[in-house]
Amino acid sequence: MDRELAKSYDPREVEDRIYSFWETNGYFHANVNPDKKPYTIVMPPPNITGQLHMGHALDNTLQDILIRWRRMQGYEALWVPGTDHASIATEAKIVEAMKKEGLTKDDLGRDRFLERAWKWKEQFGGRIVSQLRKMGSSCDWDRERFTMDEGCSKAVREVFVKLYEEGKIYRGERIINWCPHCLTSISDAEVEFEEKDAFFYHLRYPLADGSGYLELATTRPETMLGDTAVAVHPEDERYKDLVGKKVILPLVNKEIPIIADEYVEMDFGTGVVKITPAHDPNDFEVGLRHQLEVITITTDDGYMNDLAGKYEGLSILEARKAIMADLEEQGYVVKVEPMKHNVGNCYRCHTTIEPRVSLQWFVKMEELAKPAIEAVKTGKTKFVPERFDKIYYHWLENIRDWCISRQLWWGHRIPAWYCEDCGETIVSREDPTVCPKCGCTHLTQDNDTLDTWFSSALWPFSTLGWPENTEDLKYFYPTETMVTGYDIIFFWVVRMMFSGLAYTGDVPFHTVFIHGLVRDSKGRKMSKSLGNGIDPLEIIEEYGADALRFMLATGNSPGNDMRFLQEKVESSRNFANKIWNAARFILMNLDGDIELSLPETLTLEDKWIVSKVNTLAKSVTENLEKFELGMAVQKLYDFIWDDFCDWYIELCKTRLQNDDAPNARRVLVFVMTNMLELLHPFMPFITEEIWQTIPHEGETLMRSDWPLFDEQLDFPNEEKEMERLMEAIRAIRNRRAEMNVPPSKKTDLFIETAFEETFKKGKPFIERLAFATNILFDESENQGNMVSIVTPDATIKIPLEELVDTKAELARLTKERENVQKQLEGVLARLNNESFVSKAPQNVVDGAKEQASRLQEKIDLLNQSIAAMS
RNA sequence: GGACGUUUAGCUCAGCUGGUAGAGCAUUCGCUUGACGUGCGAAGGGUCAGCGGUUCGAGUCCGUUAACGUCCACCA
């Protein structure tokens with residue numbers, strides 16, 4: 001085996017090699033295994049159009065940490081990867097590409113367009129998947145899925161037919177959100193509102209009986225051509241008498257009724273609303289209640305249609321101007337005032353949405369929502385952090401029927417056929433050829449496709465084989481954890497929940513682990529238009545995937561946004577390098593074969609570090625169980641850098657030169673192995689690389705056992721003893737630094753302590769780390785001007801006569817005594833407080849007492865030193 | 001209009017079930033210390049946004065105010 005490591009860690013040399021080692025050996029693969037408990041995560045499928053961005057990087061890092069950890073813990077850990085066809089986004093890209101060739105969808109026709117689309121998918125769909133591999137994602141690639149593959153399509157079809165048969169899917173003329181640019185309907189969730197400057201147009205409609213006018217206000221005067229009523233509040237005294245009468249619609253010169261409806265706010269505007277059922281969702285509702293005619297006056301691409309009379313062919317905005325000009329000329333305009341107005345935009349292209357009545361397919365939501373609400377209320381599925389259940393409830397409790405048909409070609413085509421002869425609608429699992437009602441063969445399939453989220457909603461179980469009751473489904477479903485951003489709770493999480501409950505009878509996952517957004521260094525959302533996005537692949541290239549992953553996990557608390565700072569990646573990279581060099585140090589000091597276990601006898605410092613790493617395993621595990629990945633990472637960092645590298649390795653250096661070296665080597669390897677195991681989920685590449693290089697058992701670190709807390713390795717007393725020594729060493733170094741004594745100047749040390757035993761054991765450390773030549777415990781040799789250092793456990797004197805300014809030294813000691821005195825008074829104040837002693841828990845009181853006695857000891861020692869000097 | 005989040009060292013952020021504040025970076029000082037200068041040793045720096053309450057004790061719990069941010073609603 002090659003036991004040489006480069007002087008600094010080069011991720012580029014390691015990562016791809018390690019990844020293919022894992023992949024070709026099948027370490028990512030999971031099987032149905034009755035002897036193990038399953039742990040399943042289904043990956044939120046990235047769009048095939050997508051390129052890896054920081055959001056994916058975060059999302060996948062968190063999932064991979066969980067999966068790798070559980071796999072090591074002995075679960076049959078399955079992470080199912082896959083991609084989403086992203087109907088609207090993908091279709092837009094393909095249309096755009098075609099445009100460059102001068103082609104439109106209609107030029108090609110549906111079949112040839114889909115051919116192109118699939119080719120495009122073959123060409124680019126794999127890109128994101130290979131980028132996920134760069135992150136180190138330990139997905140089971142044998143199970144990679146695509147929302148439009150055969151199995152997922154079958155699931156989609158099954159759900160559609162089932163819901164249709166149960167009457168939960170229906171087709172009807174409803175008002176929907178129409179994007180005049182994408183030329184398709186979109187769901188309520190896909191509309192984004194934006195505040196814009198607009199105008200409030202006050203108009204007057206003449207009463208039909210000639211007795212005057214009714215004044216009303218609107219933000220969209222052009223829709224008046226489709227008005228079929230004006231409405232007032234039933235209790236509005238101003239207009240009560242007019243209800244039932246008629247007004248004449250200006251320009252159109254048609255009589256329309258004055259109706260009463262509680263939807264009207266008396267206090268807003270004039271308290272009179274024009275009702276255009278075809279072009280406003282609220283008006284549509286009013287129209288239904290009053291059986292009003294629905295008159296659509298625009299085309300699907302945003303122009304006025306033939307019902308708009310002389311305005312036909314104008315764009316909506318042009319029509320608005322023309323109509324206002326005509327109204328003005330004919331004296332129907334009262335005033336025009338500026339106002340702020342919220343406009344709905346298409347989430348994809350940001351075109352203003354036109355509410356429009358059209359024939360679409362819908363899912364009835366009310367009944368489906370109930371079990372989904374219940375499942376979270378009863379804790380069958382939990383949000384982490386919990387507060388996100390509010391968004392979830394709010395969305396489900398106010399849910400409206402879901403418009404699922406899209407006027408697109410790329411996606412799952414709606415499995416409904418219409419008989420041209422008798423008009424029958426056929427929805428079935430198999431493509432029909434004959435009309436079951438009239439027996440003819442003139443059937444045409446619905447042209448529309450389904451909302452992308454319709455198939456995404458089935459993802460946690462369609463990927464496991466549903467609707468077949470496969471072994472995978474039985475074993476891995478329900479999945480355990482869903483990791484996703486808060487921005488798609490209502491798009492996706494909600495829909496997976498009700499779908500899972502409705503079709504599989506169980507929740508799709510037990511925990512929804514929500515993370516925030518990765519923002520830029522200024523806290524702005526990363527976006528294409530701002531050009532402030534940071535490419536994870538470039539970061540990986542420069543710093544390595546481990547550094548990126550570690551950075552993303554560090555300080556990431558569930559549900560909160562984080563900022564991407566280059567310096568944070570750098571410090572993660574430095575950390576990787578630190579471990580690398582620690583490993584290098586161990587390798588340099590190995591000598592032939594080594595036993596992979598702890599030696600029988602452990603020294604003080606061995607027990608200290610072993611006890612520490614043992615406790616670390618416990619607390620890291622606890623953090624992971626609570627999804628506190630950021631805290632787990634912090635503890636690993638502190639232990640590895642401070643305890644292991646800065647202390648333990650330093651403490652070993654002397655030992656490695658003497659007879660005890662074999663034991664020291666075994667402890668070093670033991671602790672390093674534990675560290676690598678604990679760190680592996682976070683930094684998989686470097687840990688595997690090091691593990692393979694140092695003496696080890698087994699084939700791969702990623703399949704090693706997760707360290708467990710071991711009672712036998714818990715040494716609290718030795719931890720305390722080491723602390724005493726470390727405190728003394730720090731104090732000496734501190735004092736020397738203050739006095740500008742260079743490390744090269746070594747001195748004797750005189751130590752007086754009640755813990756002579758401990759300090760004798762620590763003699764070599766103190767010599768090495770506190771720059772001592774001799775350490776003397778015999779007070780009689782203590783003479784002359786000395787620098788005094790006082791810790792609660794010891795008084796240490798350094799003979800630095802030439803540097804000692806007795807007066808200054810005295811002043812320093814006196815000041816320190818004052819400080820300690822103050823601290824002591826604080827603690828005593830608490831201890832003298834009757835209610836503290838009686839009400840605080842015993843361990844807190846004991847802690848305070850111990851602290852008081854330590855402080856008192858320190859004061860005593862300081863007093864002695866002061867007395868000796870004066 | 002409603003809901004939620006954030007406010008802690010110069011900067012970016014941790015701080016779990018209340019026990020008397022931490023990290024990284026930055027700053028200052030000192031180091032050719034036999035793994036690492038992507039490093040080592042040390043130092044300075046915080047009335048934890050304000051106010052009130054609960055408690056022996058509050059950064060942590062409750063109420064309230066403010067600033068910033070996000071989501072939902074959409075009165076035409």
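What's counted below: heavy atoms across the whole structure, side chains too, no hydrogens, waters or symmetry copies. Sequence lines set the chain letters: A, B, ... in the order given, protein chains first and strands last, and positions in each chain run from 1.
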Could you give me the stems involving RNA chain B, meaning stretches of three or more consecutive Watson-Crick or G-U wobble pairs whose two defining distances are both below 3.5 Å? B:1-7 with B:66-72, B:10-13 with B:22-25, B:27-31 with B:39-43, B:49-53 with B:61-65
Could you give the [atom1]-to-[atom2] distance, from [X] to [N], as a whole number of Å?
X         : N      : atom1 : atom2 : result
Met551(A) : G24(B) : CE    : P     : 16 Å
Phe639(A) : A23(B) : CZ    : P     : 18 Å
Phe200(A) : C74(B) : CZ    : P     : 17 Å
Leu565(A) : A26(B) : CG    : C1'   : 12 Å
Leu517(A) : G69(B) : CG    : C1'   : 12 Å
Phe564(A) : C11(B) : CZ    : P     : 21 Å
Met672(A) : A35(B) : CE    : P     : 13 Å
Ile686(A) : U38(B) : CD1   : P     : 16 Å

Does any non-hydrogen side-chain atom of Phe284(A) lie less than 4.5 Å from one of Leu292(A)? no
Does some side-chain heavy atom of Met224(A) sit less than 4.5 Å from a side-chain heavy atom of Leu327(A)?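 A side-chain contact under 4.5 Å exists here.
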Which of these nucleotides, [options], is closest to any side-chain atom of [X]?
X         : options                : value
Phe268(A) : G24(B), A35(B), A76(B) : A76(B)
Tyr486(A) : A14(B), A35(B), U70(B) : U70(B)
Arg573(A) : A76(B), U38(B), C29(B) : U38(B)
Lys568(A) : U12(B), A76(B), C29(B) : U12(B)
Asn574(A) : G39(B), C72(B), A76(B) : G39(B)
Asn560(A) : U70(B), C56(B), G5(B)  : G5(B)
Lys7(A)   : A76(B), U70(B), G37(B) : G37(B)
Lys390(A) : A76(B), G15(B), A3(B)  : A3(B)
Asn734(A) : A42(B), A35(B), C29(B) : A42(B)
Glu567(A) : A73(B), G30(B), C25(B) : C25(B)

With no hydrogens and no angle check, just 3.5 Å: does a side-chain donor-acceptor pair link [X] and [Y]?
X         : Y         : answer
Glu622(A) : Ser619(A) : no
Asn581(A) : Arg584(A) : yes
Glu222(A) : Tyr201(A) : no
His515(A) : Asn556(A) : no

Polar side-chain contact Arg768(A)-U33(B) base: donor and acceptor under 3.5 Å: no
Does the base of C74(B) carry an N or O that pairs as donor and acceptor with the side chain of Asn342(A) under 3.5 Å? yes
For a quick test of reading the model: is some side-chain N or O of [X] closer than 4.0 Å to OP1 or OP2 of [N]?
X         : N      : value
Arg400(A) : A73(B) : no
Lys522(A) : U12(B) : no
His279(A) : A76(B) : no
Lys653(A) : A35(B) : yes
Trp641(A) : C40(B) : yes
Arg563(A) : U12(B) : yes
Ser8(A)   : C36(B) : no

Considering every strand and a 4.0 Å limit on heavy-atom distances, what is the contact class for [X]: base, sugar-phosphate, or nothing?
X         : result
Pro281(A) : nothing
Ser838(A) : nothing
Arg730(A) : sugar-phosphate
Pro743(A) : sugar-phosphate
Glu265(A) : base
Asp646(A) : sugar-phosphate
Glu570(A) : nothing

State whether Arg854(A) and Glu727(A) are salt-bridged, where the test is any N-O pair (Lys NZ or Arg NE/NH1/NH2 against Asp/Glu carboxylate O) under 4.0 Å.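 Here Arg854(A) pairs with Glu727(A) in a salt bridge, since their nearest N and O are under 4.0 Å apart.
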Which of parallel (below 30°), tilted (30 to 60°) and perpendicular (above 60°) describes Tyr9(A) and Trp580(A)? tilted
Measuring only the [atom1] atom in each nucleotide, how far is [N] from [M]? A whole number of Å is fine.
N      : M      : atom1 : answer
C51(B) : C56(B) : C1'   : 23 Å
G39(B) : U33(B) : P     : 16 Å
G24(B) : A3(B)  : P     : 41 Å

When Asp561(A) is tested against each of Arg519(A), Lys525(A), Arg524(A) for salt bridge (charged side-chain N to carboxylate O under 4.0 Å, His left out), which residue passes? Arg519(A)
Around atom NZ of Lys382(A), are there more than 12 heavy atoms from other residues, nucleotides or ligands closer than 6.0 Å?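 Open.
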